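Notes follow the structure.
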Protein chains: 2
Amino acid sequence: MPAATHPPLLDSFIAHLAESDQRVTATRLQVAKAIARRGGHFTAEEICAALPSVGRATVYRNIKLLAEMGFLCRVLLEDGSLHYQVSHRGHHHHLVCTACGLAQDLLGCDIQDLLRTRAGDSGFAVSGHWLEVYGLCRDCQSKAP
Amino acid sequence: MPAATHPPLLDSFIAHLAESDQRVTATRLQVAKAIARRGGHFTAEEICAALPSVGRATVYRNIKLLAEMGFLCRVLLEDGSLHYQVSHRGHHHHLVCTACGLAQDLLGCDIQDLLRTRAGDSGFAVSGHWLEVYGLCRDCQSKAP
DNA sequence: AGGCATAATGATACGAGGTCTCGATAGTAG
DNA sequence: CTACTATCGAGACCTCGTATCATTATGCCT
């Protein structure tokens with residue numbers, strides 16, 4: 001069900017680089033391809049391991065760049081470790097399966113309104129929030145009763 | 001407004017230790033006191049600095065212990081750094097002020113129900129969630145318009 | 001095409017935050 | 001009081017991420 005590749009990622013990345021006076025380098029494309037090749041979420045270190053010819057600092061720099069451009073979003077796992085995954089642009093949250101690790105997007109969250117009401121009671125002005133949801137995906141539920 | 005001390009923390013801690021075959025050591029009490037003395041949230045390093053006579057590893061060990069016992073809860077700041085604070089036992093979230101750093105509790109969250117409904121649509125069984133809310137507290141709003 | 005200014009790279013040092021090891025110390029049951 | 005063993009403290013170590021800086025290569029200009 002998850003798309004195997006993200007060919008649009010490469011194209012959008014190149015277009016976005018050109019628009020913002022950043023160079024389209026071979027290394028950048030390598031990093032982007034390594035990410036696109038991989039389904040689901042990943043850590044920066046995993047990309048480093050997958051691209052031993054690319055410097056660690058460079059991998060981190062480019063992941064940061066991709067995240068700032070909105071092509072990647074950050075996923076906080078239950079153990080506190082930070083992962084990334086190709087992003088559906090726009091605000092969303094993640095349903096993280098604690099068994100298989102799959103992180104599917106939870107779109108159309110109407111939490112902000114709820115929060116504004118609740119927090120408003122104590123005079124707090126909400127400007128943002130971070131939400132991760134943990135549980136079992138459909139497949140893992142049927143596997144492990 | 002925030003309680004200046006948490007005397008019950010010490011007593012509960014001692015009781016809980018005795019109940020679970022853990023020793024009541026002078027060092028443990030020092031760490032608990034240093035935490036109780038401090039209002040608001042703090043990092044492990046801050047406690048280390050406040051207790052130079054106690055080993056760093058020991059401070060970390062005991063904070064972890066207190067957190068596992070439910071006496072402390074973890075607060076994730078917007079910059080990704082992890083803080084702790086004395087916990088209102090039970091499920092709650094935090095309203096973290098991005099100006100002054102104050103983290104007040106957001107009790108009575110009915111997010112779990114909302115999430116179950118939303119996530120249920122995709123066959124996902126929610127078991128837990130992590131939510132932090134960022135914004136400005138009442139005081140900081142009046143100071144900085 | 002050829003040259004140039006400079007953005008990007010990679011090796012490496014550094015730093016924060018946290019865990020592991022292991023000999024020494026000190027609670028606690030008896 | 002004594003023995004058993006959980007806990008401690010010092011420091012090595014680990015992970016993740018950033019800063020430095022000499023070197024490379026991109027993109028523009030002609």
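Because the structure is predicted, anything quoted here is derived from the model rather than measured.
Without hydrogens or angle criteria, Gln112(A) side chain to Val126(A) main chain gives no donor-acceptor distance under 3.5 Å. Without hydrogens or angle criteria, Gln141(A) side chain to Leu136(A) main chain gives a donor-acceptor distance under 3.5 Å. Listed for the Ser81(B) side chain is no donor-acceptor partner under 3.5 Å among the backbone atoms of Leu77(B).
Between Leu82(B) and Thr27(A), the one whose closest nucleotide on DNA chain C sits nearer the 5' end is Thr27(A). Both Glu45(B) and Ala26(B) sit near DNA chain C, but only Glu45(B) has its closest nucleotide nearer the 5' end.
Considering only side-chain N and O atoms, Arg28(A) lies under 4.0 angstrom from the phosphate OP1 or OP2 of dT9(C). Side-chain nitrogen and oxygen atoms of Asn62(B) include at least one within less than 4.0 Å of the OP1 or OP2 phosphate oxygen of dC8(D). A close approach under 4.0 Å does not occur between any side-chain nitrogen or oxygen of Thr25(A) and OP1 or OP2 of dA7(C). Proximity of Lys64(A) to the phosphate of dG17(D): no side-chain N or O atom is located under 4.0 Å from OP1 or OP2. One finds a side-chain N or O of Gln22(A) lying less than 4.0 angstrom from the OP1 or OP2 phosphate oxygen of dA8(C). Within the 4.0 Å cut-off from OP1 or OP2 of dT19(C), not a single side-chain nitrogen or oxygen of Tyr60(B) is found.
Counting non-hydrogen atoms under 4.0 angstrom, Thr58(A) reaches a base of the nucleic acid. Heavy atoms of Arg61(B) sit under 4.0 angstrom from at least one base atom.
Counting to the nearest Å, the P atom of dT7(D) and the CD atom of Gln30(B) are 16 Å from each other. Atom CG of Leu65(B) is separated from atom P of dA6(D) by 14 Å (rounded to the nearest Å). Spacing between atom CD of Glu46(B) and atom C1' of dG17(C) amounts to 13 Å, rounded to whole angstrom units. Atoms CD1 (Ile63(B)) and P (dT19(C)) sit 10 Å apart, rounded to a whole Å. Computed from coordinates, the Arg74(B) CZ to dG17(C) P distance equals 15 Å when rounded to whole Å. In this structure, CG of Leu29(A) is placed 13 Å from P of dA8(C), rounded to the nearest angstrom. Going from atom CG of Asp21(B) over to atom C1' of dA29(C) covers 11 Å, rounded to whole Å. As rounded to whole Å, 12 Å separates atom C1' of dG27(C) from atom CG of Leu17(B).
You won't find any donor-acceptor pair under 3.5 Å spanning the side chain of Arg23(A) and the base of dA8(C), going by distance alone. Residue side chain Arg56(A) reaches the base of dG17(D) through a donor-acceptor N/O pair under 3.5 Å, judged by distance alone.
Within the 4.5 Å cutoff, the side chain of Arg118(B) has no heavy atoms near those of the Val133(A) side chain.
For the side chain to side chain donor-acceptor pair (under 3.5 Å) with His41(B), the qualifying choice from His94(B), Gln85(B), His83(B) is His83(B), the only one to do so.
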